[in-house]
Amino acid sequence: MSIDHSNVIKPSQITFNKNSITLKPEESVLEALLREGHAIPNSCRAGACQCCLMQVTPEGKAHLPASSQQGLTSPEKELGYFLSCSCVPSNPITVQLPSEASDSAITTQITEVRPLNNTILRVRFSAPLDYRPGQYLNLLFTDDAGVQHTRSYSIASVPELDQTTVELHIKTYENGVFGRWIKGSSVQDQNIEIQGPLGHCFYSDSLAHDNTNTLLLAGLGTGLAPLYGIVRDALNQGFDKPIHLVAGARNSNDIYLIEELNKLEKQFPNLHVSLVALEGEEYEGIKIENIYDFCKNLDIDFSKTHAFLCGAQSFVGKLKKQLFLSGTPMKSIMSDPFLPAKNP
Amino acid sequence: MSDVSVFNKLGGAPAVDAAVDIFYRKVLSDDRISHFFDSTDMEEQHNKQKAFLTMAFGGPNNYNGKDMREAHKHMQLTDTHFGAVAEALVSTLEELNVPKEDIDSVVEIALSVKDDVLNV
Ligand code: HEM
Ligand code: FES
């Protein structure tokens, strides 16, 4: 009689902060890290609260047990997130806390700055970034006084369509630091530092195959930037069920990118673009209507809708609640709330 | 005496996933208690509902009575609040066609932490 060694469970290893830890039998990643004295947030230790969320390196994704990704969204799964309390890996993996994911910055040069309307600029630069449309970047720049600032902006471009050109839509304010910096002299030649990509609000190919029957993309102001990336990504990947893109603004003057959106709508029969503003003149098909009511009255099955919501936090929170109460599963609502900058 | 069997009988973590949206919708639509749950960070609240359901289903958890007291202390909960949550829980399980005996076990678990939750 011979012993079948394939059935003997070998202790697995994890690497965290360059330290290797050998797991005890049945020990979870969380337990091993806590045993070694690392401070990892946790609460229920039962896969429910998601406090203990961590991220594995891309090579390690295949070694995560399915139970460790139970309840996560498809973008989170794609990015290698897992619940460390529910993860007993079968092979060695390298793990980190989510916030450490992208600390290093790269430097690039701005190639184009063009106004899209009175306050919104299209900024383009070229960078070999591995991103998904809808994710965001941190821009680091130094103003005239030598003070460094960081601002987050969502990506409107699509790597498969725009190659290495990265596009951002940046709202400038009267006295905002970015506006002043970019309007300053010879800025075109100025270097800019970027960190990222970051964020979980992006299209995932699984939506074409699950029971999702509609995509709803709703954004206020430059919330349209990530949505423009996401919608072109979804169309480019062949999503052929109905897509409703709702671009909103306070005043109809502030609606932008109308020409591009119209062009896209003509090209793809399954895309329905709506422009809504709370006030102002009706032109170019812009409807003067409250965006929440507009979305409520859409003739779609909310329980089978997958939504992407981008814009100010109050808008995202309110529409998220509305959709959730109308039957959209929480896991099917991706959002990217824009948070106010901490310094002016 | 953690009764993991009800949790397993209901289907484990995926059962919690199936129940949480239904439960959270009920809670958010109930004027008696919605204000406790109507936070700006819906995802975080949603995850806390999952922690709640896992516990109520008798699943594995890391909470003790003191944690339950701490988590609920600032809300000054009353019998009415507790009753509303229990109702939402029961009607969620009914909607999912959970057998009566299992619903009874869940209610029993909820009642077992009532004093801690109400901080009495
Ligand atoms: C039926 C028994 C109950 C159980 C087993 C229970 C269990 C829990 C658990 C496990 C948490 C998560 C704690 C954490 O990890 O932070 C929690 C949080 C919470 N519970 Fe309960 N709960 C119960 C009753 C209630 C009632 C009656 C209310 C109010 C009507 C309530 C309101 C809340 C709120 C608002 C939170 C979130 C607190 C925060 O945001 O930090 N719970 N509960
Ligand atoms: S500690 Fe709650 S999910 Fe891991």
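Letters A, B, ... are given to chains in the order of the sequence lines, protein chains preceding strands, and every chain is numbered from 1. On a predicted model such as this, the values are computed, not experimentally measured, just so you know.
- Looking at every heavy atom in both residues, A/Leu325 comes nearest to B/Ser29 through CD2-OG, 3.8 Å.
- The distance from atom CG of B/Asn61 to atom SG of A/Cys49, rounded to the nearest 0.5 Å, is 10.5 Å.
- Closest of all the heavy-atom pairs between A/Ala46 and B/Thr54 is CB-CG2, 4.1 Å.
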Under the side chain to side chain contact (heavy atoms under 4.5 Å, CB included) rule, what do A/Lys331 and B/His46 come out as? Steps first, then yes or no, please.
CA-CA 10 Å; A/Lys331 257 203 288 179; B/His46 191 253; 5.7 Å; no
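- Heavy-atom minimum distance, B/Met42 versus A/Met330: CE-CE, 3.6 Å.
- Residue contact with chain B, scored on non-hydrogen atoms closer than 4.5 Å, involves the backbone and the side chain of A/Ser43 alike.
- Atom NZ of B/Lys73 is surrounded by 12 or fewer heavy atoms from other residues, nucleotides or ligands within 6.0 Å.
- Remark: A/Arg35 CZ is packed, more than 12 non-hydrogen atoms of other residues, nucleotides or ligands lying under 6.0 Å away.
- Ion pairing between a basic and an acidic side chain is recognised when a charged N comes within 4.0 Å of a carboxylate O; A/Lys321 and B/Asp38 show such pairing.
- The residue among B/Ala13, B/Pro14, B/Ala51 with the most heavy atom pairs within less than 4.5 Å of chain A is B/Pro14.
- For residues 70-80 of chain A, the interface with chain B (any heavy-atom pair closer than 4.5 Å) comprises A/Gln70, A/Gly71, sorted by residue number.
- Ring planes of B/Tyr24 and A/Phe324: tilted class, angle from 30 to 60°.
- No more than 12 heavy atoms of other residues, nucleotides or ligands lie within 6.0 Å of CD in B/Glu108, so this atom counts as exposed by the packing criterion.
- Interface check for chain A: of the options B/Ile22, B/Val20, B/Asp17, B/Asp41, the most heavy-atom pairs under 4.5 Å are formed by B/Asp17.
- Rounding to the nearest 0.5 Å places OG of A/Ser335 at 5.0 Å from CD of B/Glu43.
- Across every non-hydrogen atom of B/Arg25 and A/Thr328, the tightest pair is NH2-O, 3.1 Å.
- Here ring pair (Phe, Tyr, Trp, His ring centres under 6.0 Å) pairs that include residues 76-102 of chain B, with residues two or more places apart or in two chains, are B/Phe36-B/His81.
- Atom CG of A/Asp299 is surrounded by 12 or fewer heavy atoms from other residues, nucleotides or ligands within 6.0 Å.
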